[in-house]
Amino acid sequence: MHGRAGAHTVGMRPKLRPDVPLPGQESVWDYPRPPRIEPTTERVLIALGGEIILDTQDAARVLETSHPPDRVAVYAGRMDYCEVDGERVLPQAGGFYGGWITGRVAGPFKGEPGTLGW
């Protein structure tokens with residue numbers, strides 16, 4: 001992963017500064033609001049209770065400004081693990097959001113401490 005919460009302060013109000021995407025990445029700050037749903041053929045694998053409960057290449061990504069995609073409406077943090085094209089995902093912080101963080105996306109991501117007002 002790369003840097004988190006790229007914010008600096010101007011007076012008392014923090015100003016958000018999105019991370020610069022690396023080659024092959026997309027910035028969650030370029031995602032639309034309202035959200036857009038798009039199909040993906042990436043292999044999505046989900047394990048729960050020691051069993052693979054999903055293995056598909058027919059999933060969808062929900063793209064919304066400042067949020068990592070939520071691939072199949074499953075909270076990654078509540079599963080044993082989730083993968084996208086062989087990469088184990090990190091769940092979006094905060095417990096409220098369901099985004100899946102992979103090396104493909106650049107943040108900062110909503111859900112980290114201090115991001116409530118974004």
Side-chain angles (χ1 to χ4, degrees):
M1 292 309 299
H2 32 274
R4 290 275 190 217
H8 69 282
T9 56
V10 176
M12 294 297 289
R13 186 178 178 156
K15 181 175 177 169
L16 179 70
R17 200 177 323 166
D19 295 342
V20 176
L22 299 173
Q25 287 186 317
E26 54 193 35
S27 174
V28 298
W29 293 94
D30 292 334
Y31 291 164
R33 185 168 286 168
R36 178 178 76 236
I37 298 173
E38 66 180 33
T40 181
T41 59
E42 296 170 301
R43 184 177 181 203
V44 175
L45 187 133
I46 299 173
L48 179 65
E51 301 285 330
I52 302 297
I53 62 169
L54 179 79
D55 186 351
T56 187
Q57 288 183 280
D58 184 22
R61 299 184 335 139
V62 179
L63 307 178
E64 181 178 6
T65 307
S66 81
H67 297 277
D70 181 354
R71 306 273 176 178
V72 289
V74 170
Y75 278 73
R78 296 184 181 158
M79 302 294 111
D80 292 347
Y81 63 91
C82 300
E83 295 180 0
V84 175
D85 273 349
E87 178 183 356
R88 193 163 289 200
V89 305
L90 297 174
Q92 186 174 4
F96 177 77
Y97 301 103
W100 293 28
I101 300 173
T102 66
R104 180 178 171 183
V105 292
F109 310 109
K110 192 163 185 164
E112 297 284 343
T115 64
L116 183 62
W118 289 0

For Arg33 versus Ser66, what's the shortest heavy-atom pair and its separation?
NH2-OG, 3.9 Å

Contacts of type side chain to side chain donor-acceptor pair (under 3.5 Å), residue Glu51, not counting sequence neighbours
none

So, for Gly103 and Glu87, which heavy atoms are closest and what is the spacing to 0.1 Å?
N-OE2, 2.6 Å

Reported CG-to-CE distance for the pair Leu48 and Met79, which is rounded to 0.5 angstrom
5.0 Å

Salt bridge (Lys or Arg N to Asp or Glu O under 4.0 Å) against Glu83, all qualifying residues, sequence neighbours excluded:
none

Pairing residues for Pro34 by the side-chain contact (heavy atoms from CB on, under 4.5 Å) criterion, not counting sequence neighbours
none

Residue pairs, two or more places apart or on separate chains, that pass ring-ring contact (aromatic ring centres under 6.0 Å, His included) and touch residues 20-51:
Trp29-Trp118

Can you list every ring-ring contact (aromatic ring centres under 6.0 Å, His included) pair that touches residues 45-70, not counting sequence neighbours?
His67-Tyr97

With sequence neighbours left out, the residues meeting side chain to side chain donor-acceptor pair (under 3.5 Å) with Asp55 are Arg43

For Pro91 and Ile101, the nearest pair of non-hydrogen atoms, with its separation, is O-CD1, 4.1 Å

Using the rule given for side-chain contact (heavy atoms from CB on, under 4.5 Å), can you reason through Leu63 versus Glu38, listing the C-alpha separation, both sets of side-chain angles and the distance that settles it, and then say yes or no?
CA-CA 8 Å; Leu63 307 178; Glu38 66 180 33; 3.5 Å; yes

Ignoring hydrogens and angles, tell me if any N or O in the side chain of Gln92 forms a donor-acceptor pair with the backbone of Gly99 under 3.5 Å.
yes

Test of understanding: with side-chain contact (heavy atoms from CB on, under 4.5 Å), list the residues that count as partners of Pro21, not counting sequence neighbours.
Gln25, Ser27, Ala106

Give the minimum heavy-atom separation between Asp80 and Gly49, together with the two atoms involved.
OD2-N, 2.9 Å

Should Leu16 and Phe109 be regarded as members of a common hydrophobic cluster, given that ILVMFWY residues are connected when their side-chain heavy atoms come within less than 4.5 Å of each other, either directly or indirectly?
yes

All heavy atoms of Pro35 vs all of Val62, minimum pair found to be CB-CG1, 4.1 Å

Just by distance, do the side chain of Glu42 and the backbone of Val84 share a donor-acceptor pair under 3.5 Å?
no

Under a single-linkage rule joining Ile, Leu, Val, Met, Phe, Trp and Tyr whose side-chain heavy atoms are separated by less than 4.5 Å, which residues share a cluster with Tyr75?
none

Distance (rounded to the nearest 0.5 Å) between Leu45 CG and Ile53 CD1
9.5 Å

Salt bridge or not between Glu112 and Lys110? Use side-chain N to carboxylate O under 4.0 Å.
no

Go through the steps for Val74 and Trp100 under the test side-chain contact (heavy atoms from CB on, under 4.5 Å), then give the verdict.
CA-CA 9 Å; Val74 170; Trp100 293 28; 4.2 Å; yes

CG on Leu90 to SG on Cys82, rounded to 0.5 Å
11.0 Å

Not counting sequence neighbours, which residues clear side chain to side chain donor-acceptor pair (under 3.5 Å) with Arg88? List them please.
none

Given side chains that start at C-beta, do those of Asp19 and Pro108 come closer than 4.5 Å, heavy atoms only?
yes

Check whether Thr56 reaches the backbone of Val44 with its side chain - one donor and one acceptor, N or O, closer than 3.5 Å.
no

